[in-house]
Amino acid sequence: MYEHAQQLNELVRNVAAITEEKTDSLSGTLRITSAVYIGRKFVFPAVEALCDRYPNLTVDLQLSDAHVDIIKERFDLAFRIWKPKDVDLIGQNLLDVQFIIAAAPSFIEKYGTPDSIEALQSLPAIAYSRKGHTNKSFNYPDEAGKCRSFSLNANLVINDAEQLSQSVARGERYFVPTNFMAAEAIRQGQLIQLLPNLKISVQESVYAVYPNRALPKAARMLIQEVKQSLSACHMSV
């Protein structure tokens, strides 16, 4: 009976998706989960604009960095920095993650502009760490293409991206943020990229993840809005 109920529910969703294509109005409920920082900076503004445009649409947005079972918890869409391996999930790449080195202008005034990776070694830094993952050290290819490792001189580690950025803004420490954290601030002159020719090795991407079934029109529209916002975060390295 449970399996039949699941099939019936899937049929209803597919019929609803087809119906949406025939009309310009959106209604119903969309359940979304997102990593906290991406959700605050990119997903929520897009969700808010979508709800303003379509008052009959209800969006339930849950921000959490914890692991989420998208299917079991009945989410329509998730924004995460991982590619799903479950065959029942589809992952759409929205942005390749890049790590960069950056500091506030006041940091440069105090310590000068480092001209090599070695010059960073003695400068104070702040690192991000969450659930065993940290950017306190990173790998990079040297001029000969050999993989090297570098450890930040960081006596302060935090798991909150907002506090991390606020600390860096005070000019006492540099950090190694992602492109989606720092690109806008660099363009506005609030941060300065250090060693811009250094390529930090990373193999991560921001994905829109959703169950392998007909995706609601509202979800597709939201994915496009978030992808467009994230596209401005690409850094040339």
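These figures come from a predicted structure and were not determined experimentally. Reckoned from all heavy atoms, side chains included, excluding hydrogens, waters and symmetry mates.
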Does OH in Y140 sit with more than 12 non-hydrogen atoms of other residues, nucleotides or ligands closer than 6.0 Å? yes
Sequence neighbours excluded, every pair satisfying salt bridge (charged side-chain N to carboxylate O under 4.0 Å, His left out) that has a member inside residues 107-116: K110-E172
Which residues share a side-chain hydrogen bond (donor to acceptor under 3.5 Å, both in side chains) with E225, sequence neighbours left out: none
Tabulate below the donor-acceptor pairs under 3.5 Å that side-chain atoms of residues 149-162 make, not counting sequence neighbours, or state none.
| residue | atom | partner | partner atom | Å |
| --- | --- | --- | --- | --- |
| N153 | ND2 | S122 | O | 3.3 |
| D160 | OD1 | E162 | N | 3.0 |
| D160 | OD1 | Q163 | N | 2.8 |

If you link ILVMFWY side chains whenever their heavy atoms are less than 4.5 Å apart, which other residues fall into the same cluster as V68? By chain and number, please. I70, I71, F75, W82, L89, Y207, V209
Heavy-atom pair with the smallest gap, counting every atom of G171 and S106: CA-OG, 3.2 Å
Please check this pair: side chain of R170 against backbone of A104, looking for a donor-acceptor N/O pair closer than 3.5 Å. no
Set of side chain to side chain contact (heavy atoms under 4.5 Å, CB included) partners for S201, sequence neighbours left out: N139, P141
Heavy atoms of V168 and A103 approach each other most closely as CG1-CA, 4.2 Å
By the salt bridge (charged side-chain N to carboxylate O under 4.0 Å, His left out) test, which pairs, at least two apart or in different chains, include something from residues 78-90? none
Under 3.5 Å donor-acceptor, D76 side chain and L30 backbone: no
Distance-only donor-acceptor pairs under 3.5 Å for side chains of residues 58-65, two or more places apart:
| residue | atom | partner | partner atom | Å |
| --- | --- | --- | --- | --- |
| D60 | OD1 | Q62 | NE2 | 2.6 |
| D60 | OD2 | R31 | NE | 3.4 |
| S64 | OG | A66 | N | 3.1 |
| D65 | OD1 | V36 | N | 3.0 |

With sequence neighbours excluded, what pairs up with P124 under the side chain to side chain contact (heavy atoms under 4.5 Å, CB included) test? F107, Y111, R173
Does any part of the side chain of V176, heavy atoms only, come nearer than 4.5 Å to the side chain of I100, both counted from C-beta? no
Taking side-chain hydrogen bond (donor to acceptor under 3.5 Å, both in side chains) as the definition, give me every residue that meets it alongside S137, ordered by chain and number, with sequence neighbours left out. none
For F175 and S165, the nearest pair of non-hydrogen atoms, with its separation, is CE1-OG, 4.4 Å
Calculate, to the nearest 0.5 Å, the distance between atoms CD and CG belonging to E204 and L95 respectively. 11.5 Å
Applying side chain to side chain contact (heavy atoms under 4.5 Å, CB included), can you list everything that pairs with Q203, at least two apart in sequence or on another chain? none
Look at the aromatic rings of F42 and F180 and report parallel, tilted or perpendicular, splitting at 30° and 60°. perpendicular
What's the spacing between L26 CG and L50 CG if we round to 0.5 Å? 6.5 Å
Flag, side chain of N179 to backbone of A183, donor-acceptor distance under 3.5 Å: no
Is any side-chain heavy atom of I192 closer than 4.5 Å to one of P105? yes
Heavy-atom side-chain proximity of L198 to F138 below 4.5 angstrom: yes
So the salt bridge (charged side-chain N to carboxylate O under 4.0 Å, His left out) pairs with at least one residue in residues 38-56 (sequence neighbours excluded) are none
Residue pair I32 / F79, side-chain heavy-atom distance below 4.5 Å: yes
Close side-chain approach of T134 and Y128, heavy atoms under 4.5 Å: no
Quick one: does L222's side chain get under 4.5 Å of L77's, heavy atoms only? yes
Which heavy atom in S27 sits nearest to a heavy atom in L57, and how many Å separate them? O-CD1, 3.8 Å
Considering residues at least two apart in sequence or located in another chain, which fulfil the side-chain hydrogen bond (donor to acceptor under 3.5 Å, both in side chains) criterion with N93? D96, S205
Would one find more than 12 heavy atoms of other residues, nucleotides or ligands at under 6.0 Å from atom CD of E73? yes
State the CG-OG1 distance between N135 and T178, to the nearest 0.5 angstrom. 9.0 Å
Atom CG of L215 and atom CD1 of I90: how far apart are they, to the nearest 0.5 Å? 8.0 Å
To the closest 0.5 Å, what do you measure between CD1 (I101) and CG (L191)? 13.0 Å
Rounding to 0.5 Å, atoms CD (E143) and CZ (R148) come to a distance of 10.5 Å
